[in-house]
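Have a look at the structure below before the remarks.
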Amino acid sequence: MAILIDRNTKVLVTGITGKQGLFHTRQMIEYGTNVVGGVTPGKGGEWVEGKPVFDTVIAAKEATGANCAVIFVPPRFAADSMLEAIDAGIEFIVAITEGIPVQQMMKVRAVLDQSTSKLLGANCPGLLTPGQSKVGIMPGFIAKPGPVGVVSRSGTLTYEAVFALTERGIGQTTCVGIGGDPVNGMSFIDVLQMFEEDADTEKVVLIGEIGGTDEQKAADFIKEHMTKPVVAFIAGQRAPEGKTMGHAGAIIEGGVGTAAEKIEKFNSVGVKVASNPEEIPDLL
Amino acid sequence: MAILIDRNTKVLVTGITGKQGLFHTRQMIEYGTNVVGGVTPGKGGEWVEGKPVFDTVIAAKEATGANCAVIFVPPRFAADSMLEAIDAGIEFIVAITEGIPVQQMMKVRAVLDQSTSKLLGANCPGLLTPGQSKVGIMPGFIAKPGPVGVVSRSGTLTYEAVFALTERGIGQTTCVGIGGDPVNGMSFIDVLQMFEEDADTEKVVLIGEIGGTDEQKAADFIKEHMTKPVVAFIAGQRAPEGKTMGHAGAIIEGGVGTAAEKIEKFNSVGVKVASNPEEIPDLL
Amino acid sequence: MDLHEYQAKQLFAKFGVPAPKGKVARTPDEAAAIAKELGSVVVVKAQVHTGGRGKAGGVKVVKSPEEARAAAEKILGMDIKKHKVQIVLVDPGADIKKELYFAVTNDRAARKPLFMASSEGGMDIEQVNRETPEKIIRVHVDPLLGLREYQVVKMASGMGLAREYWGQFSKIAHNLYRCYVETDATLCEINPLAIVGTESGPMLMALDGKMSIDNNALMSHPDLAELRDASGEPEEEIKAREEGLNYVKLGGQIGCMVNGAGLAMATMDMVAQFGEADGILPANFLDVSGGAGEDKVAAALRIILSDPAVKSIMINIFGGITRCDEVAKGILQALAEVPTDLPMIIRLTGTNQDEGLKIINDANLPNVQSARSFSEAAQKAVAAVKGA
Amino acid sequence: MDLHEYQAKQLFAKFGVPAPKGKVARTPDEAAAIAKELGSVVVVKAQVHTGGRGKAGGVKVVKSPEEARAAAEKILGMDIKKHKVQIVLVDPGADIKKELYFAVTNDRAARKPLFMASSEGGMDIEQVNRETPEKIIRVHVDPLLGLREYQVVKMASGMGLAREYWGQFSKIAHNLYRCYVETDATLCEINPLAIVGTESGPMLMALDGKMSIDNNALMSHPDLAELRDASGEPEEEIKAREEGLNYVKLGGQIGCMVNGAGLAMATMDMVAQFGEADGILPANFLDVSGGAGEDKVAAALRIILSDPAVKSIMINIFGGITRCDEVAKGILQALAEVPTDLPMIIRLTGTNQDEGLKIINDANLPNVQSARSFSEAAQKAVAAVKGA
């Protein structure tokens, strides 16, 4: 077992004919992901890597039975692409695209919350269930099957952490990059909950960053609801002080979200925090 | 018992300081309705008929515990007033205002469908539970308590039908005017369902009109889900042919919704149809 | 409120939906002058609020200003389904490559705007709907979210539009939706949306247009309210609308004044039930609507009395938001201004009914009878016509 | 991207939020000329991207052009929290009756725009929030529905605004929301929103303004992107932004080039972990971000090499969407253009790592070492500085 994706997940690639979409479609297929087709408006009827291309997500879903869509379209089309996937009833949407304005994401989120779809990202590396399927841009070779669930706000730092586990012989159930945009889909808590419920996941690694309060909320969730051990790492202990968020921002956030704050919070709920990514395996 | 309102329903009047709002507030209080306050932006702190006036629905709700709001504000403020009541978590909203543009009502409806509030109207006469409470503009004296539920799309025709029942000694559980606007809140089906579930309602009277297909849908619902007898009346057997709805309209509606169509549909599911409102009591 | 084709196309153009640059004429000379200005082939099209003008000969393609004059001469004054043609649109002729259908309207059942697009344009779209419904691509718009580009793609793809037109089609779709929203339209229909040859290559263009505006929204759109062309309508209906009344002339002998559309319809049904065997029928549908004060009621009565066919008057008021005392005052006020000895049956029930009846009775008018029930009122009104 | 006060107020005015008609000056003479034009009392205000300018003496109320010149002379060139003042805003003085606080911003946790309104304007709103949070009225806007009038009433009523200002306040609220939406702002803040006396009576006016624009939206708003005033920023950071890189100079000896903000922060942490004891620290934060091609990487290297404090370079790339072969090509390209013999530790892992390492190895550069692990790379980079 694993969470969110496995070898049976039928994946649709939106923006499949673009440079990034095409490159990662190849990588996904090579890894074993069940890519069933792609979407590029105006290119319906073409074929890419042996997969049919459609003009719309709904047409692609009807023809292929896809239950997952991964979004590679440029930022100015990405919100529309997410809304399209939600409208088409795609169960799980993974948005890789970086640079989507936050007001657009607030609209997407408002629609998402009324739907039954799940969204990962945007501006995330996607996810990977070792040996079965990867959806997004994570390099496949860094992971191997095993009992540890990984969830991360940071793209490349996720790879680093997974790689560190694999190097030490510790495999993963699923590695999930939730992305760090201010408004996005699944949160730490959503993923932690799934790992808690997943029979094969024995332990969980959480990779956080400075800024915001998502890690603090995750710590509260772990304290209240998790029986499985969690090890955390927070990047940005030496980060330069951020630009001012303005008074309004400070009032809302209720704090600047420093690494020290987050580490202290995790410690207070019994979550061990690694001092660097390579230390994570030692703490598991 | 009754449906939707009874003597305990706490009613807030929005637009209470307007001419219509004030007149009907008096009428409602006189009938025994538990009017707990009113809302008129900019008049918060004033008193009307011994009831406190607030600037906002949320402030009024917090102060009075209102669970019902009746809307008398002019058409250009009415959609906003409904959205405000939904946002404030008012359980039951009755919109009397006539003349709200349909595109505004489509937005209200979209928000309503994500909420737990119920909406009756707009452009409806409201409802009346004889001897207990009336919310809206129905004249109170026409009704008396008894076992018949009344639901109607037409304002004054509702009074006619209720009056005909009362004249013949047949009382009502609740009389509900759903209004005839193209996009509105509760439908025939919503109200029929409640009457079906209401222990005190033994029989139901349904008053329809030409246009649309709501009566046909109600007939299907009655056939599938109702055990209680229903008597119907459809106004407009001699109505002049309506102005063209355009081809697009005809395609969507799938028919022009003549009285003959509707009467035939009711007959086909065993619902007796009165030839004029005064005949309704005979058929019960 | 329905707009004329030329008004719809002017609005389309204003919102960025390409339409031919035609002009309207009210005389054959004007039509000829416009044809001369446009040069070469033009189309002369009757502007009436009804369909079927093509079959009725209300649309003619002509090749010279002289032919345009002759065509306008024939079309102006023509009677199309009881609408007299008073305006023609003179449009430049178009080199039509293909005709599509494209519209947005309110879908009452779904409570959302609905776009319909079809490759089968230029013909009777209802027939397409009956025979090959799959050729009409339907897209519902979330009223909070607006039209999204993926929905435009769904239509373009679904109707098999050649890809080189997708860009133009997308602009037209978004602009038509903006037109629909900003004018509070209930219908914006383009049939045909045609691919026409132009000097700068083939382009999509709205060759015909139909728009209806939500009557409830006209108050917020005074510029649109001014577009109303009532020239084909009966004078009484125009007057009624100005007074905020809903009046339709029907041709019978019993003038009806009722509050509420449902009750007004039921009143007509009731009158016919008792009178039809003797050829006695309602003279009109007249809904004074909710909240009618005395001015409105007086105006209603004046309009009824202006119809010479009326032999008796039936007033059926069930007071909810309308107060019977105001109705009574209105009747007296109107009778003072427009004296009549026509028999009048008055039924006032509901809010303030006692005050209302007292006002009527105190006035002590010889031709006025009251009635308690609905059927009693109808029977008395029919009897009054028979006895006259 | 933060805007200056004068830019924010110009945008407010454009969207219909009243603001003083001041102008900006870059010299004392310009300031005097503006003061003369405005007549009587003016306020000279430093325009810098930081707070606390009032306490730093960056705001002066003066009564004549001469005083304005003197004030500008003092303020221009002033250093406020490491920001050099290069522009002053000269605003007409205002007859302030009352100061409110009013802002709209993104509430990340609620995923909605949030309005905040308070009768306690003109002062430190964070203090109001700590001491009397009930004096800040908060209203979340549904991003699909937009700001509704009832929400405006809630704010006006909640902060006890005198009723004669509700009409003005409503217009300002709706216009500020439109400004926020149409500029893709992350913050529009007015503090104070003041009631000021004017010839035509008291009116609400934005006496100070702060706006931030979503960086992700600047591509769609070229006019706003042009408002960026980088005059206070280090040259390298400006250059980096032009190349689409995220660079912050920190002052240490190890130049870092990393892909991804999280990994870049972790790299800085790792360098400090091994080097801090010997005073060896990261020279910069540099995220080449996802999808960086060779041009971008070359530009990044050029920027790192332009810092004379850099004694060794650590390149830490974990290839996901970034392909290691492109990174390798980028490094070689940059080294060909900007030769260096600084020690360089390269760690390439992830997509196409073998191709990438082969390209580096084939180039056979004497000063380049590779590293497999993250800590190994950091240790080597620190060792290289120590050995230099």
Checklist entry - Rounded to the nearest 0.5 Å, how far apart are CD of A/Glu209 and CG of D/Leu263? => result 10.5 Å
Next on the checklist: For chain D, which candidate among A/Ala164, A/Gly140, A/Pro277 shows the most heavy-atom pairs at distances under 4.5 Å?
Outcome noted: A/Pro277
Checklist outcome for this item: Greatest number of non-hydrogen atom pairs under 4.5 angstrom with chain D, of A/Glu167, A/Gln237, A/Arg109, falls to A/Arg109
Next on the checklist: Could you tell me if A/Gln103 and D/Asp214 have a donor-acceptor pair between their side chains, going purely by distance under 3.5 Å?
Outcome noted: no
Checklist outcome for this item: Bottom line for A/Gln104: the part with an atom under 4.5 Å from chain D's heavy atoms is neither
Next on the checklist: Whether the side chain of D/Gln273 engages the backbone of A/Asn276 through a donor-acceptor N/O pair (distance < 3.5 Å, no angle test) should be reported.
Outcome noted: no
Checklist entry - Could you give the distance from OG1 (D/Thr349) to OH (A/Tyr159), rounded to the nearest 0.5 Å? => result 12.0 Å
Checklist outcome for this item: Closest non-hydrogen atoms of D/Gly262 and A/Ala235, given as atom of the first, atom of the second and distance, are O-CB, 3.5 Å
Item to check | Derivation of the side-chain contact (heavy atoms from CB on, under 4.5 Å) call for A/Val102 and D/Arg108 | outcome: CA-CA 9 Å; A/Val102 66; D/Arg108 183 182 166 140; over 6 Å; no
Item to check | Heavy-atom proximity to chain A below 4.5 Å, by part of D/Ser375 | outcome: both
Checklist entry - Heavy-atom distance under 4.5 Å to chain A: side chain of D/Leu281, backbone, both or neither? => result side chain
Next on the checklist: Taking side chain as everything from C-beta outward and backbone as N, CA, C, O, which of these in A/Ser275 sits under 4.5 Å from a heavy atom of chain D? Side chain, backbone, both or neither.
Outcome noted: both
Checklist entry - In terms of heavy-atom contacts, does NZ of A/Lys272 have more than 12 from other residues, nucleotides or ligands at under 6.0 Å? => result no
Item to check | CA sep, side-chain torsions, deciding dist, call: D/Met270, A/Glu278, side-chain contact (heavy atoms from CB on, under 4.5 Å) | outcome: CA-CA 10 Å; D/Met270 189 75 103; A/Glu278 289 173 6; 4.2 Å; yes
Next on the checklist: A quick test of your reading: do over 12 heavy atoms of other residues, nucleotides or ligands sit less than 6.0 Å from CD of A/Glu264?
Outcome noted: no
Next on the checklist: Between D/Asn216 and A/Ile100 (side chain of the first, backbone of the second, donor and acceptor by atom type, cut-off under 3.5 Å), is there such a pair?
Outcome noted: yes
Checklist entry - Which atoms of A/Arg153 come close to chain D, meaning under 4.5 Å heavy atom to heavy atom: side chain ones, backbone ones, both, or neither? => result side chain
Next on the checklist: Using heavy-atom distances under 4.5 Å, tell me whether D/Pro133 contacts chain A through its side chain, its backbone, both, or neither.
Outcome noted: neither
Next on the checklist: To the closest 0.5 Å, what do you measure between NZ (A/Lys107) and NZ (D/Lys112)?
Outcome noted: 14.5 Å
Item to check | Between D/Ala261, D/Pro282, D/Ala110, D/Ala185, the one whose heavy-atom pairs under 4.5 Å with chain A are most numerous | outcome: D/Ala185
Next on the checklist: What part of D/Ser373 gets within 4.5 angstrom of chain A, counting heavy atoms only: side chain, backbone, both, or neither?
Outcome noted: both
Next on the checklist: Quick check: do A/Val111 and D/Leu144 have side-chain heavy atoms less than 4.5 Å from each other?
Outcome noted: yes
Next on the checklist: Could you tell me if the side chain of D/Phe318 sits less than 4.5 Å from the side chain of A/Leu157, heavy atoms only?
Outcome noted: no
Checklist entry - Measuring heavy-atom distances to chain D, does A/Pro125 have an atom under 4.5 Å in its side chain, in its backbone, in both, or in neither? => result neither
Item to check | Residue A/Asn123 versus chain D: region with a heavy atom under 4.5 Å | outcome: neither
Next on the checklist: So for D/Val258, is it side chain, backbone, both, or neither that comes closer than 4.5 Å to the heavy atoms of chain A?
Outcome noted: neither
Checklist entry - Under a 4.5 Å heavy-atom cut-off, does chain A meet the side chain of D/Gln127, its backbone, both or neither? => result neither
Item to check | Contact winner vs chain D - A/Gly99, A/Gly126, A/Gly208, A/Ala259, heavy-atom pairs under 4.5 Å | outcome: A/Gly99
Item to check | Flag side-chain contact, heavy atom, 4.5 Å: D/Ser220 against A/Arg76 | outcome: no
